[in-house]
Each structure stands twice: as structure tokens, then as C-alpha cells.
Amino acid sequence: MTPPGADAAVGDALRHHTRPGTLQLAALPPLSLYVHLPWCLKKCPYCDFNSHERRGELPEAAYLDALRADLEATLPLVWGRRIVSVFIGGGTPSLFTPAGIERLIGDIRARLPLEPGVEITLEANPGTFERDRFRAYRAAGVTRLSVGVQSFDDGALKALGRVHDAAQARAAVEEARAAFDTFNIDLMYALPGQSLQALAADLDTALSFAPPHLSVYHLTLEPNTLFAVQPPQLPDDDTASDMLDLICERTAAQGLQRYEVSAFARPGHRCAHNLNYWQFGDYIGIGAGAHGKLSFAHRVIRQVRWREPAAYLAQASAGRAVSNETEVRRAELAFEFMLGALRLREGFEWAWFTERTGLPASSVRGRLDEALARGLIEFDAGGAVVRPTARGFDFLSDLQSMFLPPDSAPQGG
Ligand SMILES: C[S@@+](CC[C@H](N)C(=O)[O-])C[C@H]1O[C@@H](n2cnc3c(N)ncnc32)[C@H](O)[C@@H]1O
Ligand code: SF4
């Protein structure tokens, strides 16, 4: 049930978002749904995601109630739009019971029209489940599992402060493979003390499971993490660059295509949800600290939910899950679009730029021409597709920075 006062607030928000503005979006982009489940067994020292160490029992039922209230309060902003993908991420969503996940998916299906055959991904950590748990997620409606392996090496896992060991990582991938037609393995590279040979061994193990999708992230030292305060010894830039070359070679040899900076997939197994992010699609983000992006005829807005689980539980249940909402400034839209779209190896449809930012093509023509002249991008399909060249992909943050608003300092992406 909607709490008292919430209807009026949502009505005000809707009127606010649909009023006239300077942008002209001819059509609304595809809409995804992200659901954040914020608890983990233990906080990893490199992690800056909104994840919180579980203390005692998870408030599973109360949190699912809050997510439902959050979703209901958001519905008026997306009336009539279909959901193209759902991603249940964290934190460690596999701490939630299969019955809880089934309820969550049921709550979503009852409130939002989902495209037929919609991709529903769940993130799972090794060592957080008993046997057959993955099958139960599948039965609950999850179609794709993303397993956070990080490494198959006991020493590396220890250095990363992970709760699982290599044997549990293998067991989790085996279970995922047995239960799902499509699944992902998350690995990280340039780990503390990692050699090229150790990475090769990790990759070979990952590839021995013939994963339909592999994500391989360069470990970064994020501010506000333990690793930022006490940095471990990491491989130097040259070694990290050799590592990336090795990753590209070995994945390609196994038929996995690098379709985004960190994402490798077999044909037909790309992640629809992440593709929608990179293609500047829309997404509702429910759950503690979740981010959302929603388009209207004349503006694009971003929403953030209350970050602390306790605050989120209290606020979402009262119909006030959103802690912050901002309109993307006209001057920032080109950069925001390019930040994701240029990460795609095959590029993007040029028409999407105008369709999804509401800006005329002329607003970036000069900067596109400059990127063309510097050999960083190319047009294909008679000008219908823009994509980074191999050089542009190597110097991606330089390329992305070319689209920064004139009033901001250069930054990486
Ligand atoms: C949001 S995390 C959640 C997944 C899951 N809880 C886990 O840790 O296995 C998604 C992925 O981001 C990657 N990641 C997290 N922190 C990172 C960092 N500092 N640098 C690079 N990749 C990172 C890891 O590969 C992780 O699997
Ligand atoms: S398990 Fe994943 S989300 Fe949780 S703290 Fe570790 S890296 Fe972050």
C-alpha cells in the first residue's frame, strides 16, 4: 500500500519531470531494472561498492518489503514502458534465500511488464551457498548467474581478503554451469604480487569451464578502501599492459569476443543489462544506494537511493527511497553518453546520440571531427555507426575526455 502523502509527492515529481525543457528526445530508450542487495559476509579491502558486513540474520523479509514499496513509488515515472533486463547485484545477492529471490522476481513481474525472455541476472559469490542453491535460483526465475570468482589462486584470494578459496571458486563455477544456460565469471587481474604466469593459470582455469561470458577487471585502488590506506604491492604498468594483451589473446583463442573494455562473450551471450548501460539506456535502480537514470521528453534525470541499509529500510517503506535526484545538465550529456558508448568495441548507432541525449548532432560535430582526424574513431555502415579505432580503444580516457563540458577539468573514464 502506498503510504499517506506519497501519491502527492510522486504526482509533483512527475509534473516536474514532464514540464517543458530545452532537450528534445524523440523516443525513450530501453528501460532496465537494477536491484541492489547490500550485504556481504565480510567487506573486501579493495571494494568501494555499497556493501555492508552482515551482522546477525539478514532482514530479508523487511528488505523485500522495502524494495516493493520503492518499486511501487517509482512506477508512475515509467508507466507503459517495458523492462528489457533485470540485474540483481550487490553486495552478495546469493546471501538471499532462493525463496526470497523468487518473491522479489514475483513482486517485479506483478508490477512491471517484462519483455518476453527477459534476462534476469543474479550475482553470486563462491562460498555463500549450499549444494543445489544455484538450481533453486534458476527455478525462482533467474536466467543468468554472475559468479564473483576474482581468482582461482589461493594466495591471490587471501591477498584480496576473500572469504572463499580456490576449491570453492571451482565448485561454484561447476554449479553455475550445470544450472544455467548462460553465466558469467568475474575475474580481476594485476592482483597483489601477481605474475604473468599466475594470471595465465587463472585465465586457463576460467576458460576450462567454457564460460559463455567472462568479465576481467583491472584491480583499481579506490579511495575510501583499506587498500587505499595500506596499498599492496601491485604489478607495474608494463606488466599490467602485458597482462591485458594475454587476456585478449587467450579469450579470443577460445571464441570469446571482447565487446567492451572488460567484457568478453561468445556469440549470443553478451550481457543485455550492461549493454543497456553502455548504450545510454534508462534504468530504474531500487535498493540501498542504487542509482537510476530516467529519460523524459525534455530531460534526463538521475536518482540515488538512501545508501545505508537501515536508512533505506526506513525511508523506502515510507515511500521516500530516493535521497537525491538531479537533472543531467545539458552541457554534460554528450560526455555522459560517450563515456559508456565508446567502451563498446563495435561502437554504437550514431542516431542514438540524438535520440538518447535530446541534443542535435551538431552539438558534437566539431569534437567528432577532431577525434576522426586524430584517428581515434571511425564511422562505419555508411556513417550509421561510430566506433573507437584500435588506437582510440587504447587511449580511451583521452577520447572520452574530448567530450567533457567546456567548464570541467579533464578526467579519465
Ligand atoms: C559489485 S562487485 C559484486 C560481486 C560480488 N559481490 C563479488 O565480489 O564477487 C562486481 C565485481 O566488481 C569487481 N570489482 C570490485 N571491486 C573492484 C576493484 N577495486 N577493482 C576492479 N574490480 C573490482 C569484482 O570483479 C566484482 O566481482
Ligand atoms: S564480496 Fe563483492 S561486494 Fe562484497 S565487499 Fe567483497 S567485492 Fe565488495
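Sequence positions, counted from 1, serve as the residue numbers for this chain. Reckoned from all heavy atoms, side chains included, excluding hydrogens, waters and symmetry mates. In listed order, ligands and their atoms are each counted from 1. Bear in mind that the values here come from a model prediction, so they are computed numbers and not experimental data.
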- When you look at CG of D245, are more than 12 heavy atoms from neighbouring residues, nucleotides or ligands closer to it than 6.0 Å?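 For D245, atom CG is crowded (more than 12 foreign heavy atoms under 6.0 Å).
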- Relative to F393, does R345 satisfy both conditions: NZ or CZ under 6.0 angstrom from the six-membered ring centre, and within 45 degrees of the ring's axis? yes
- Row check, F280 ring normal vs K293 NZ/CZ: under 6.0 Å, within 45°: yes
- Query: Listing by chain and number, what protein N/O/S atoms are under 2.8 Å from atom 6 (Fe) of ligand 2?
  - Reply: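 Only C44 SG fall inside 2.8 Å of atom 6 (Fe) of ligand 2.
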Charged N-O contact under 4.0 Å between [X] and [Y]:
X: D107; Y: R103; answer: yes
X: R299; Y: E327; answer: yes
X: R320; Y: D70; answer: no
X: E370; Y: R367; answer: no

- Using distance alone, with no hydrogens and no angle criterion, decide if T97 and E60 have a side-chain donor and acceptor under 3.5 Å apart.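 Per modelled atom types, T97 and E60 side chains form a pair under 3.5 Å.
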- Query: Does the side chain of Y259 pick up a donor-acceptor pair with the side chain of H213 at under 3.5 Å?
  - Reply: yes
- Short version for Q150: what comes under 4.0 Å of ligand 1, heavy atoms counted, is side chain
- Query: ligand 1 versus R162, non-hydrogen atoms closer than 4.0 Å: side chain, backbone, both, neither?
  - Reply: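 For R162, only side-chain atoms sit under 4.0 Å from ligand 1.
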- Any chance the rings of F403 and F337 have centres within less than 6.0 Å?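 Ring centres of F337 and F403 not closer than 6.0 Å.
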- Consider ligand 1: state whether an atom of it lies below 4.0 angstrom from any non-hydrogen atom of S215. no
- Query: Judged by non-hydrogen atoms, does G90 sit under 4.0 Å from ligand 1?
  - Reply: yes
N or O pair under 3.5 Å between [X] and ligand 1:
X: D186; answer: yes
X: T220; answer: yes
X: F49; answer: no
X: Y46; answer: yes

- Over all heavy atoms of both residues, which pair between R356 and L25 is shortest? Give the atoms and the distance, please. O-CD2, 4.0 Å
Suppose we measure from [atom] to each protein heavy atom; which comes out shortest, and what is that distance?
atom: atom 14 (N) of ligand 1; answer: M188 SD, 3.8 Å
atom: atom 21 (C) of ligand 1; answer: H218 O, 3.3 Å
atom: atom 5 (C) of ligand 1; answer: N125 OD1, 3.0 Å
atom: atom 3 (S) of ligand 2; answer: G91 N, 3.5 Å

- Message: Give the atom numbers and elements of ligand 1 that come within less than 4.0 Å of a heavy atom of G148.
- Response: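 Selected atoms, number and element: 9 (O).
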Report, one line per pair, each donor and acceptor closer than 3.5 Å where one atom sits in a side chain of residues 271-278; sequence neighbours left out.
{"unit_1": "H273", "atom_1": "ND1", "unit_2": "S85", "atom_2": "OG", "d": "2.8"}
{"unit_1": "H273", "atom_1": "NE2", "unit_2": "Y277", "atom_2": "OH", "d": "2.8"}
{"unit_1": "N276", "atom_1": "ND2", "unit_2": "P30", "atom_2": "O", "d": "3.3"}
{"unit_1": "N276", "atom_1": "ND2", "unit_2": "S32", "atom_2": "OG", "d": "2.8"}
{"unit_1": "N276", "atom_1": "ND2", "unit_2": "D282", "atom_2": "O", "d": "3.1"}

